[in-house]
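So the structure is just underneath, and the comments pick up after that.
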Amino acid sequence: MSAEATNPEAHPEARPELRRRGRTRLDLRRLGRAALLGPTSRDRLPDAIGHVAEAHRAHHPDADLSILRRAYLLAETSHRGQMRKSGEPYITHPLAVTLILAELGAETTTLTASLLHDTVEDTDVTLDQVRAEFGDEVCFIVDGVTKVEKIDYGAAAEPETFRKMLVATGNDVRVMSIKLADRLHNMRTLGVMRPEKQARIAKVTRDVLIPLAERLGVQALKTELEDLVFAILHPEEYESTRALIAAHAGERDPLPAIADSVRGVLREAGIGAEVQVRPRHFVSVHRIARTRGELRGSDFGRILVLVGENADCYAVLGELHTCFTPVVSEFKDFIASPKFNLYQSLHTAVATPEGYVAEVIVRTRQMHRVAEAGVVALGNPYATATPDAATDPDEERVDPTRPGWLSRLLDWQQSAPDPDTFWTVLRAELAQDREITVFRADGGTLGLPAGASCIDAAYAQHGAEAHGCIGARVNGRLTSLSSPLSDGDTVQLLLAQDASSGPAAEWLDHARTPAARIAISSWLEAHPDRAMATTSAARAPLSVVGARGGGGNAVADLPDATVRLAGCCTPVPPDAVAGFLVRGGAVTVHRIHCAAVAQMRAVGRTSVAVHWRATADCRVTLRAESFGRPHLLADLTEAIAREGVEVVSATVEPPVEQRVRHSYTLQLPDAAGLPALMRAMRDVPGVYDVSRV
């Protein structure tokens, strides 16, 4: 593979912003030459970390550089004689990692630990020595990075590798900051590796480290890692994208002129702002090209507007939408509703008289720092902790900046039954690119991935007690546990008083979060005799087990398979039905027009032919909507009994605005009698609707 195919930076003409990275590479070469000369006198800063010190002082003018000097001297002495595969002195690696973090604005403790991050693993330096010379905080971080580095990166060891990495990140997010910078430098120099090893490292970077960088908000690292991975794993698509960008570089770019117009508008409005043109990186251009087809000049970048205060952001937005034609569908307010990774900005797009559409991002300078560097920009998250908070490396510390998604992962990783399950669920969790916030009825909030259901909310709020959940109210209206939640919903979970209650197997079809899926699976494995049965009469609103527990009137063309009727559509003879193989080897039967059928097919669930037995009896759940009045329940029950139908279970919900909802799971001797039964229930005074669940 050519150098160009493995290095997006080989084409500086394609991206003007690569000049900064070019300077960074030059700095790294200077670091290598300076490192070859060894340490300098005790009275001045070594030349090798001069660039680190310069970058650090740009963000922290009052920083004490003496600790960096001491850390460099220890690292250089310890690594002396060690060489990288590229032929450079090994010390150039920790120096490069530290420079990356310094440019992101990392605080002094992080940079000190970064310089030393390989010493305990690869040299004779001990943790006790690090603690004695640099203190508990630096020791704690170095120990965390060392534990990650000690893990075998073979394919079979990946799940346990990242389980430990996750724990290390949870104990101190600065550990992962160093790890991400470490991986970025290694990816920049990956060309010395064999192609198959390049591909393996790139895949791990793509599957876990890039999503972690995204979730920690470190966009500067994430975007460059994406480009490097793109070049290795998709060389042909990378090359075509490079050619596209290079061709654009030779054409007239409309964005600078649009940026000038924006500057003029804001200047006339008296709004102090810095306006920049931000070129898209390779992967971003590739994605836009796939979405929009032929690209125009304004598609190769975006306009960034930086202001001083939050209020200025909205003032800028008002001027843009007044003086240009706004593309309303492109407007997003991530200031009022920040992303899960701390990101805040206003996004909009405006059309110019020439017909160009320019995307515009508006944010404060502080928001910009966080958008680029994420948790790295937050400094020391334990600055207010007690002095001895880091003395025990095995004690988990409470990080006030820990994102909600990270707390969730730390909670469920302890209960993950095996490494393979952990690995599968981790990748699924990291693949979630959006998070929603729902409000609890008691006033708290829950952070959940997009697409989460009431089941996920139940386990997020109640843990193992969610096994006894029987329903939910979303925005005041009763709904099934399978209902998906939207950002801003208010959810109230209803728990059964019966401590022996447990989840139904089909809950797994609607659970999205690792905590919910692992808890449900663990309960079902521990209760195999009850996993296929309704565990409580109150379970009926969500989960109806048809055909009397699977030995009844629904039959699958699959030997020895347990068959159950889906609770979402409760099919009965002679409904046209479809069957799908689900976890545990069971077959779930849906009505052919049920929305779940399309979802099952979309995710690749195995289709299984099913048919009805000759017997005509069936089980069905009906819901009666009525106005509240005395003796209503007795009258409904009597009407059902007159039709010769057995009541398996019944649930009556609390009245809402004088309206009451009843749910009945019923065993009919003949499915043909269902229409007559529903008419009889509707004839009960006060009942205004009866429907199948």
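Between Met600 and Asp509, some side-chain heavy-atom pair lies under the 4.5 Å cut-off. Two residues are said to be in side-chain contact when any heavy atoms from C-beta on lie closer than 4.5 Å; Thr205 and Lys203 fail this criterion. Using a 4.5 Å heavy-atom cutoff, the side chains of Tyr664 and Met681 are in contact. Proximity of His590 to Val577: side-chain heavy atoms (C-beta onward) are nowhere separated by under 4.5 Å. Side-chain contact between Phe331 and Pro326 is absent, with no heavy atoms from C-beta onward closer than 4.5 Å. Contact of the Phe439 side chain with the Leu446 side chain is not registered, since no non-hydrogen atoms from C-beta on lie closer than 4.5 Å. Inter-residue side-chain proximity for Val563 and Thr588 is flagged as unmet; no heavy-atom pair is nearer than 4.5 Å. Two residues are said to be in side-chain contact when any heavy atoms from C-beta on lie closer than 4.5 Å; Leu508 and Ser521 meet this criterion.
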### Glu214 and Gln219: CA distance, side-chain angles, deciding distance, side-chain contact (heavy atoms from CB on, under 4.5 Å) verdict
CA-CA 6 Å; Glu214 165 76 14; Gln219 293 296 319; 3.0 Å; yes

### Task
Go through Leu558 and Leu581 one step at a time and tell me if the side-chain contact (heavy atoms from CB on, under 4.5 Å) criterion holds.
CA-CA 10 Å; Leu558 193 65; Leu581 192 65; 3.8 Å; yes

### Task
Show the numbers, then the answer: is there a side chain to side chain donor-acceptor pair (under 3.5 Å) between Thr621 and Thr665?
CA-CA 4 Å; Thr621 296; Thr665 298; 3.3 Å; yes

### Message
Walk me through whether Lys332 and Glu359 qualify under salt bridge (Lys or Arg N to Asp or Glu O under 4.0 Å).
### Response
CA-CA 11 Å; Lys332 297 181 181 66; Glu359 295 183 34; over 6 Å; no

### Query
Would Asp689 and Arg661 count as a salt bridge (Lys or Arg N to Asp or Glu O under 4.0 Å) if you check the C-alpha gap in whole Å, the side-chain angles of each, and the deciding distance to 0.1 Å?
CA-CA 10 Å; Asp689 189 30; Arg661 181 181 291 178; over 6 Å; no

### Task
Assess whether side-chain contact (heavy atoms from CB on, under 4.5 Å) is satisfied between Val370 and Gln344, documenting all intermediate values.
CA-CA 8 Å; Val370 175; Gln344 288 184 288; over 6 Å; no

### Task
Tell me, with the steps shown, if Tyr459 and Trp507 meet side-chain contact (heavy atoms from CB on, under 4.5 Å).
CA-CA 12 Å; Tyr459 282 94; Trp507 285 23; 3.6 Å; yes

Name each donor-acceptor pair under 3.5 Å that joins a side chain in residues 591-599 to protein atoms two or more places apart or in another chain, with its distance.
residue, atom, partner, partner atom, Å
Arg591, NE, Cys569, O, 2.9
Arg591, NH2, Cys569, O, 2.9

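Contact between Ile520 and Ala511 at its shortest, heavy atoms only, is CD1-CB, 4.1 Å. When all heavy atoms of Cys454 and Leu493 are compared, the closest pair comes out as O-CD1, 3.8 Å. Closest approach of Leu636 and Ala624 over heavy atoms only: CD1-CB, 4.3 Å. When every heavy atom of Ala556 is checked against every heavy atom of Val608, the shortest pair comes out as CB-CG1, 4.0 Å. Smallest separation of non-hydrogen atoms from Val491 and Ala472: CG2-CB, 4.4 Å. Nearest approach of Ala199 to Leu233, heavy atoms of both residues: O-CD2, 3.8 Å.
Salt bridge annotation for Arg287-Glu226: present, with a cationic side-chain nitrogen under 4.0 angstrom from a carboxylate oxygen. A salt bridge is defined here as a Lys NZ or Arg NE, NH1 or NH2 lying under 4.0 Å from an Asp or Glu carboxylate O, and Arg440 with Asp489 fails to meet this definition.
With values rounded to the nearest 0.5 angstrom, Ser663 atom OG is found 4.5 Å from Arg623 atom CZ. To the nearest 0.5 Å, atom CZ of residue Arg642 and atom CG of residue Leu677 are 11.0 Å apart. Between atom CZ of residue Arg206 and atom CG of residue Leu225 there is a gap of 13.5 Å, rounded to the nearest 0.5 Å. If you take CZ on Arg679 and CG on Asp683, they are separated by 8.5 Å, rounding to the nearest 0.5 Å. For the atom pair OG of Ser626 and CG of Leu632, the computed distance is 4.0 Å after rounding to the nearest 0.5 Å. Note that CG of Leu485 is 11.0 Å distant from CZ of Arg512, once rounded to the nearest 0.5 Å.
With hydrogens and angles ignored, the 3.5 Å screen pairs a side-chain donor or acceptor of Arg682 with a backbone N or O of Val690. Between the side chain of Asn475 and the backbone N or O of Thr490, at least one donor-acceptor pair lies under 3.5 Å. In this structure a side-chain-to-backbone donor-acceptor pair under 3.5 Å is present from Asp456 to Thr513.
A ring-centre distance under 6.0 Å is found for Phe230 and His286.
Residue-environment remark: CZ (Arg292) exceeds the threshold of 12 foreign heavy atoms within 6.0 Å.
Here ring-ring contact (aromatic ring centres under 6.0 Å, His included) pairs that include residues 472-494, with residues two or more places apart or in two chains, number zero.
Ser482 and Ser453 are not linked by any side-chain donor-acceptor pair at a separation below 3.5 angstrom, with hydrogens and angles left out of the test.
Below 30°, between 30° and 60°, or above 60°: for Phe334 and Tyr343 the angle between ring planes is above 60°, a perpendicular geometry.
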